[in-house]
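Okay, so here's the structure we're looking at.
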Amino acid sequence: MAKARRKAGEQLELLKPGPKARKSSSSQKTTRKTREAVKESAARSSSSRAKKAAVKSSKKSAAPRAAPAATAARKASASPATTRRTSAPASRATAEELAQRQREISVSEFFSKNRHLLGFDSPSKALLTAVKEAVDNSLDACEEARILPEIVVEVRAVEGAPDRWVISVEDNGPGILKTQVPKIFGKLLYGSKFHRLKQSRGQQGIGISAAAMYGQLTTGKPVVVWTRTGKARKAHRMEIRIDTRTNSPVVVSEEEVEFPRDHGTRVEIEMQADYSRGQRHLLRYVEQTVLANPHLALTFCRPNAEPLVFPRASEEPPKEAAEIKPHPYGVEVGTLMLMAKESKARSVAGFLQTEFSRVSAQVADEILRNAKLPKSVRLKDVAEDREVAEKLRQGILATKIMAPPMNCLSPIGDELIRKGLISFLNVVEEEEPEEEEPSGRSSRRAKAKEKTAEDKQAEMEKAAADSMPPEEGEEQIKGKRFFIVSTTRPPKVYRGNPFQVEVGLAYSPDWPQDQPIRLYRFANRVPLLFQRGACAITEAVVRTDWKNYELAQPKGALPVGPMALLVHIASVWVPFTSESKEAIAHYPELLSEIRLALQECGRKLAAYIRKRKAAVHELRRRSTFELYIDEVARSLHEIVGADEEKLRGRLLEMARLATGGDRTDEILDRVASRRRDEFEGAEAEEEYR
Amino acid sequence: MTRRDATAKKTLAKIEALAKAVVRDIQKKQNPRIEIPLRTLSNITYNARKKIIEMGKETQERSFFNVSQARKFMQTFLVASACKELIETGKTTSIRDLYYMTKHTLGNSKVNTFEEQDESDPIIEDLEVTLDALREELHLFANRKGLMVGPMTIVDSGDTIDLRRQGSGGWGVPSIVEPNVIKFGKHEARYVLLVEKEAVWSRFNEDKFWKKEKCMLIHGGGQPPRGVRRLVHRMHYELGLPVYVLVDNDPWGFYIYSVVKQGSINLAYESMRMAVPRARFIGISSRDAERYGIPEETSIRLDEGDHRRIRQMLEYPWFQDKKWRRELETMAKSNRKYEIEALSRRGISFITEEYLPRKLAEKDWLE
């Protein structure tokens, strides 16, 4: 029984990532998983044991739905009991026999069987996940050490093994102490970020070690780490293997080596992977990481291709995010009990004041009053008695408590989003990162065919236009114009967790007009590449009415238009829908903040597009007039003998002034001259019909 | 010919004045514009005393720097310029010819100055009303349509023509029939009979109806062109001949009669020179089918367009006469219309030998 309970509990331990906040944010999921775990254990042990285990485990997880969990356990146990009664007694296993088969499952073993939970579900995705974990760690480390990060990502082929690749990530971070290296890379659930409430990329401490384990499982090769913590120190090279049975690291080799940087770390993992299918994801990850981290200089060395170099867009490191204590509003009963148990405080009031943010002595008293708990209530009671803990929680909810401090957040910032977008659009490869678009490609091919004198002239005009100063809010990037706006919303709170939403959008009149916008999602500066449909960001974008902002939008879909849209959520605890951190859960507070940010940017976009539309309209009018001016001038000349050229000049000038003058040309920029010719004809044809 | 020169000079001066005003606008950097009298129903009044349609004083502005008017503005001056050339060279041409003269592609676009003749004809009419110049003064004429025979001798551009000796073909009525082109000579005519269609006209001509009845027999091929209307007008007023109109028994036929009698909306400015308010509607009347034993199967059912036209005509002030209203309402009620040819059921020459003589004798007409 104890084993069964431990097993169920263990699974819970891994499935619910944080003992403090995680439970509060996804109690429902925890409950569901509890049930599954309970079912499993129940199937193996006798019914009564299972029932008790279930009750205990659900009590331990302290999810509010302990009762249904127990019911589920009962149900799960009920059916084997009935079958047992009807089946032959010979096949009946005793509790003792069953107990012999029950044994502890290590975290590593569990993950080696459930690799999809961590993003290693396919060989094409494995490369990306490994690189992502390594880069996320590098960035977090550099940020904490206040170092402007320089990262080199490399993917190398392994000779003679077409399905094997080596990923290598090198940074200029603070380095890792030699003693820590084995645990960081060779033990799952080991890390510095798990126990703190702070905005960081990594959260659970399973990422890089899981990547190492994936490499080990698929190739048998250990992870190789080079690290150096300072100029005066030696660099070390270590090979580390994970003992999956015990979830503990084994140092295979260790030596002192030369390292090209004063400080930094380099990780190499050999793994089974599919580069040809995974490279697109990898490229997107790299590009978008640069976009959300303008202070990062990154080089990406790819097999059979020129290295991609992303220079630093900003010399300004991000504002350091402070670590905070949890806010009382976000804490659930189970967490509360656990915190009470672990707390060293003497009284409940003291506990509230020391373990939570924004709880003063007065507030603590008020909470106790509202909880209708006697002053004499002991902290031990909160830790052990569910009813007391529940009362305390109700007391918390009934008390007005100040919002949590917001210095724990480090948004990218309006200006840096803008810079990030510009440098992103400068480097980003021409190929469409999203779904294949045969239409766009064929048109490009068609253009390449018919390179005529007209094209050359257009190119010359384009070059001339490039030297013109761009519109306000407009940028010239690779000969294309972009209108860029960004917004950083003030910080808000969901369930006691501070968060902040940022949006940046780049609209280019020179991009194809008829494709869905490119949406880039970020959480704590990490790009979210998968499960777009399941993400709250996508939902918020889809639910915003972009027709108000001059973009077409099919019902229930992303808007259509020449636009790149960046949405970033910064939070001490980002509510992902799963451990692979690919989509954000649909919290109403998040959704409404994202929408507000989108609307803010949308309004500016609408003003820009309308201005352009108005200018296009003026230009059409002008071309209509210009079309007839020659005729009018000639006719007038023939009738009264007036100077035809003078009349023509006057009329052309009047046509220009009557249609917004130079302003019209400036707004539209004469880059579009060729396209203008096209619609001139079309417009005039419309005109007389 | 000196009189002709004087007219030409006057017209040229009008065209030049129009262009000069526009050039002045351009020099003053003002939107160049012209004022054009409106040729729409809203700008038409029925002069009950004179019993003709007259054009009102409303004008519309046509300016160049207005997207919806720029093209028409250009066309107006293109036509004006072409007319100037015609007048200066002393040539006269058809409006179709003018369309081809002025049609060309604009710059390196795919757009033409005119795409259809339907586009240039209204511009000519605009120019006529704007300049207060007649079509012939602009040296333009419409394609000729309409034939005439009868006991009369005329002089057409200096040639003497005996309308009694025109065989089966008849004399083609030119577009311009002003006294300087057509002069009436000796005649024995008692009245003018205007029929709607050429086929009916041929029947009357072959039966030498005009000889027996001593009438001028003329047709306009549907809605009569200006030349025919002007000629009928001149015969009525200069020779004092009464005018009888024989048209189909349908809304369109009635409307043809109405145009002959009162003038048209589009050419309201010419009513004075064209309308014959005392023209008489001789047939086919709605009651004739019964009275002349025309079998019902020769009738045609009215379609929606016919009914609409009837309702429209009942609104016109010049169709307010009781007899007329009864006529239109009867047709709408019976839901039947008859072509003139329906009379042929009673014999091929029934119309010339019985129908018309009897109607005239019985004074069975509407006025």
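Letters A, B, ... are given to chains in the order of the sequence lines, protein chains preceding strands, and every chain is numbered from 1. The basis for the numbers below is simple: all heavy atoms, side chains too, and nothing from hydrogens, waters or symmetry mates.
One N or O on the side chain of B:Lys84 and one on the backbone of A:Glu638 form a donor-acceptor pair closer than 3.5 Å.
For B:Thr113, the part lying near chain A is the side chain, with the backbone staying farther off; criterion is any non-hydrogen pair under 4.5 Å. Within the 4.5 angstrom heavy-atom criterion, no atom of A:Leu657 approaches chain B. Heavy-atom distances place both the backbone and the side chain of A:Ala655 under 4.5 Å from chain B.
Ring geometry for B:Phe64 versus A:Phe625: interplanar angle of 30 to 60°, hence tilted.
Using a 4.5 Å cut-off on side-chain heavy atoms (C-beta onward), B:Ile26 and A:Leu636 make contact.
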Practice item. Kindly indicate, with the supporting measurements, whether the criterion side chain to side chain contact (heavy atoms under 4.5 Å, CB included) is fulfilled by A:Arg650 and B:Gln27. Key: CA-CA 8 Å; A:Arg650 283 261 166 121; B:Gln27 277 162 350; 3.9 Å; yes

**Study point:** Intermediate values then yes/no, side chain to side chain contact (heavy atoms under 4.5 Å, CB included), A:Asp630 and B:Leu106
**Key:** CA-CA 8 Å; A:Asp630 285 359; B:Leu106 291 164; over 6 Å; no

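For B:Phe73 and A:Tyr628, the distance between ring centers is not under 6.0 angstrom.
Around the NZ atom of B:Lys14, the shell of radius 6.0 Å holds more than 12 heavy atoms that belong to other residues, nucleotides or ligands. More than 12 heavy atoms of other residues, nucleotides or ligands shown are found within 6.0 angstrom of NZ on A:Lys547.
Chosen from A:Ile639, A:Val640, A:Leu647, A:Leu651, the residue pairing most often with chain B at heavy-atom distances under 4.5 Å is A:Ile639.
Interatomic distance, B:Met74 CE to A:Leu627 CG, rounded to the nearest 0.5 Å: 7.5 Å. Between A:Glu626 atom CD and B:Ser109 atom OG the span is 12.0 Å, to the nearest 0.5 Å. Separating the CZ atom in A:Arg634 from the CZ atom in B:Phe77 is a distance of 15.5 Å, to the nearest 0.5 Å. With values rounded to the nearest 0.5 angstrom, A:Met654 atom CE is found 8.0 Å from B:Gln30 atom CD.
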